[in-house]
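Residue numbers start from 1 in every chain, and the chains themselves are labelled A, B, ... in the order their sequence lines are given, proteins ahead of strands.
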Protein chains: 2
Amino acid sequence: MVVVRDARHPDLGEITLTEVMAALSDPIRVGLLRLLSDGRERGWGELRAPLSKSTLSHHLRVLRNAGLTRTRQEGTRCYVQLRRDDLQARFPGLLDAVLAAANSDDVGSQVSLATDPQPPGVVRATG
Amino acid sequence: MVVVRDARHPDLGEITLTEVMAALSDPIRVGLLRLLSDGRERGWGELRAPLSKSTLSHHLRVLRNAGLTRTRQEGTRCYVQLRRDDLQARFPGLLDAVLAAANSDDVGSQVSLATDPQPPGVVRATG
DNA sequence: TTCGATGTTTTACGAACATCGAACAAAGCG
DNA sequence: CGCTTTGTTCGATGTTCGTAAAACATCGAA
């Protein structure tokens with residue numbers, strides 16, 4: 001469902017280091033984080049990964065529950081955003097260091113953004 | 001055995017971000033890292049944790065295999081040391097950020113150093 | 001209200017992990 | 001050569017994780 005029942009967005013104080021580290025111990029999730037690293041909000045449909053949608057949903061939930069991302073719902077669509085400022089406040093320098101490391105090693109490059117902003121199967125107005 | 005057969009100390013280039021993150025997703029291991037954070041070499045017997053020695057050995061191996069620590073053997077004893085410089089070279093700023101975060105949250109406080117340099121059970125000269 | 005699109009949750013399963021006790025191995029001592 | 005000390009490795013066990021298929025829930029449109 002689009003209603004994210006379990007969408008616990010932990011408060012700053014609820015974010016734990018070990019949970020953050022665990023969330024970032026998977027290349028897919030690091031790749032997702034890299035895509036979100038510019039702080040811009042991204043649509044679920046923009047995310048491309050060699051995974052089933054249920055698995056992708058799972059990874060996004062792990063990131064969300066760890067406090068790394070925020071999920072917003074708009075109509076049928078979902079949008080994800082990195083919680084940059086919150087993380088910087090909670091664990092200063094950590095996110096930057098991880099992103100720098102991830103970029104230098106190209107971790108999670110399997111994850112990408114759809115080049116076409118439209119999700120596949122979207123019927124654009126033909127007339 | 002004291003001979004650490006599986007003691008793979010990965011080269012700089014072999015250290016991966018996700019393996020490092022995975023290694024640090026456990027409070028015990030973060031606690032061990034904190035104890036080693038001053039860069040001084042510590043004896044196995046100095047380490048106190050609410051774990052069986054086999055489990056402690058396991059955690060130390062995870063840290064070693066991830067490239068976070070180096071293990072040296074001297075006689076019957078083993079000594080562990082944090083690979084500060086290597087990590088700083090491989091992933092600049094990462095270790096410092098993690099240690100700062102771990103300290104601010106007191107992660108892994110269950111792990112400590114023996115106050116008495118003698119391991120427990122050591123029979124000191126009684127006469 | 002029925003249908004289609006979009007994600008989420010459930011369920012299931014193999015792999016990986018944390019843990020412990022016991023067996024083992026190497027170094028040093030007597 | 002035995003015995004002790006010091007860790008490591010080997011099962012065994014229960015838990016968590018990554019993955020996908022399928023069922024479900026919600027929104028928007030017809």
**Asked** By a strict heavy-atom criterion of less than 4.0 Å, which residues belonging to residues 29-41 of chain A are in contact with DNA chain D?
**Response** Arg29(A)
**Prompt:** Between dA18(C) atom P and Leu24(B) atom CG, what is the distance in whole Å?
**Reply:** 12 Å
**Message:** Under a 3.5 Å distance rule, please check whether Glu46(B) uses its side chain to pair with a backbone N or O of Gly43(B) as donor and acceptor.
**Reply:** yes
**Message:** Do Ser57(A) and Ser54(A) pair up side chain to side chain, a donor and an acceptor below 3.5 Å, judged on atom types alone?
**Reply:** no
**Arg42(A) with Asp38(A): basic N within carboxylate O range, under 4.0 Å** = yes
**Asked** Can you check whether Ser37(A)'s main-chain N or O pairs, donor with acceptor, with Arg40(A)'s side chain at less than 3.5 Å?
**Response** no
**Asked** Roughly how many Å is it from CD in Glu19(A) to P in dT16(D), rounded to a whole number?
**Response** 13 Å
**Message:** Between His59(A) and Arg29(A), is there a side-chain donor-acceptor contact under 3.5 Å, judged purely by atom types and distance?
**Reply:** yes
**Nearest-Å distance for atom pair OH/P, residues Tyr79(B) and dT6(D)** = 10 Å
**Prompt:** When you check the gap from the basic side-chain N to the acidic O, do Arg90(B) and Asp105(A) get nearer than 4.0 Å?
**Reply:** yes
**Request:** Would you mind reading off the distance between Ile28(B) atom CD1 and dA18(C) atom P, rounded to a whole angstrom?
**Result:** 11 Å
**Message:** With a 4.0 Å cutoff (strictly under), does any side-chain N or O of His58(B) reach OP1 or OP2 of dT9(D)?
**Reply:** no
For nucleotides 28-30 of chain C, give me every protein contact, N/O to N/O, under 3.5 Å, one pair per line with atom names.
none

**Asked** According to a strict under-4.0 Å criterion, is Thr55(B) in side-chain N/O contact with OP1 or OP2 of dA18(C)?
**Response** no
**Asked** Just to confirm, is there a sub-4.0 Å distance from OP1 or OP2 of dT5(D) to any side-chain nitrogen or oxygen of Trp44(B)?
**Response** no
**Item:** Side-chain touch Leu47(A)/Leu113(A), heavy atoms, less than 4.5 angstrom
**Value:** yes
**Request:** For Lys53(A) and for Ala22(A), locate the closest nucleotide of DNA chain D by heavy-atom distance; then report the residue assigned to the nucleotide nearer the 5' terminus.
**Result:** Ala22(A)
**Asked** Between Arg61(B) and dG7(D), does any side-chain N or O lie under 4.0 Å from OP1 or OP2?
**Response** no
**Message:** Tell me the interatomic distance from Arg42(A), atom CZ, to dG7(C), atom P, rounded to whole angstroms.
**Reply:** 15 Å
**Within-4.5 Å side-chain heavy-atom neighbours: Cys78(A) and Arg72(A)** = no
**Prompt:** To the side chain of Ser57(B), which of dC20(C), dT9(D), dT8(C) is closest?
**Reply:** dT9(D)
**Message:** Can you see if the side chain of His59(A) gets near the phosphate of dC17(D) - specifically, an N or O under 4.0 Å from OP1 or OP2?
**Reply:** no
**Item:** dT19(C) OP1/OP2 closer than 4.0 Å to side-chain N/O of Ser52(B)
**Value:** no
**Request:** For residues Leu56(A) and Trp44(A), determine if any side-chain heavy atom of one lies less than 4.5 Å from a side-chain heavy atom of the other.
**Result:** yes
**Identified stems (criterion: three or more consecutive Watson-Crick or G-U pairs, under 3.5 Å), DNA chain D** = C:1-30 with D:1-30
**Complete:** Among dA20(D), dA27(C), dT8(C), the one nearest any side-chain atom of Leu51(A) is dA20(D)
**Item:** Value in whole Å for how far the P atom of dT9(C) lies from CZ of Arg8(A)
**Value:** 12 Å
**Asked** Is it true that a side-chain atom of Asp26(A) and a backbone atom of Ile28(A) form a donor plus acceptor pair closer than 3.5 Å?
**Response** yes
**Asked** Taking CD from Glu46(B) and C1' from dG7(D), how many angstroms apart are they, rounded to a whole number?
**Response** 15 Å
**Request:** Can you establish whether the number of heavy atoms outside Asp85(B) located under 6.0 Å from its atom CG is more than 12?
**Result:** no
**Prompt:** For the atom pair CG (Leu24(B)) and OG1 (Thr18(A)), what is the distance rounded to the nearest 0.5 Å?
**Reply:** 10.5 Å
**Item:** Gap between atoms CG and C1', on Leu60(A) and dG7(C) respectively (whole Å)
**Value:** 10 Å
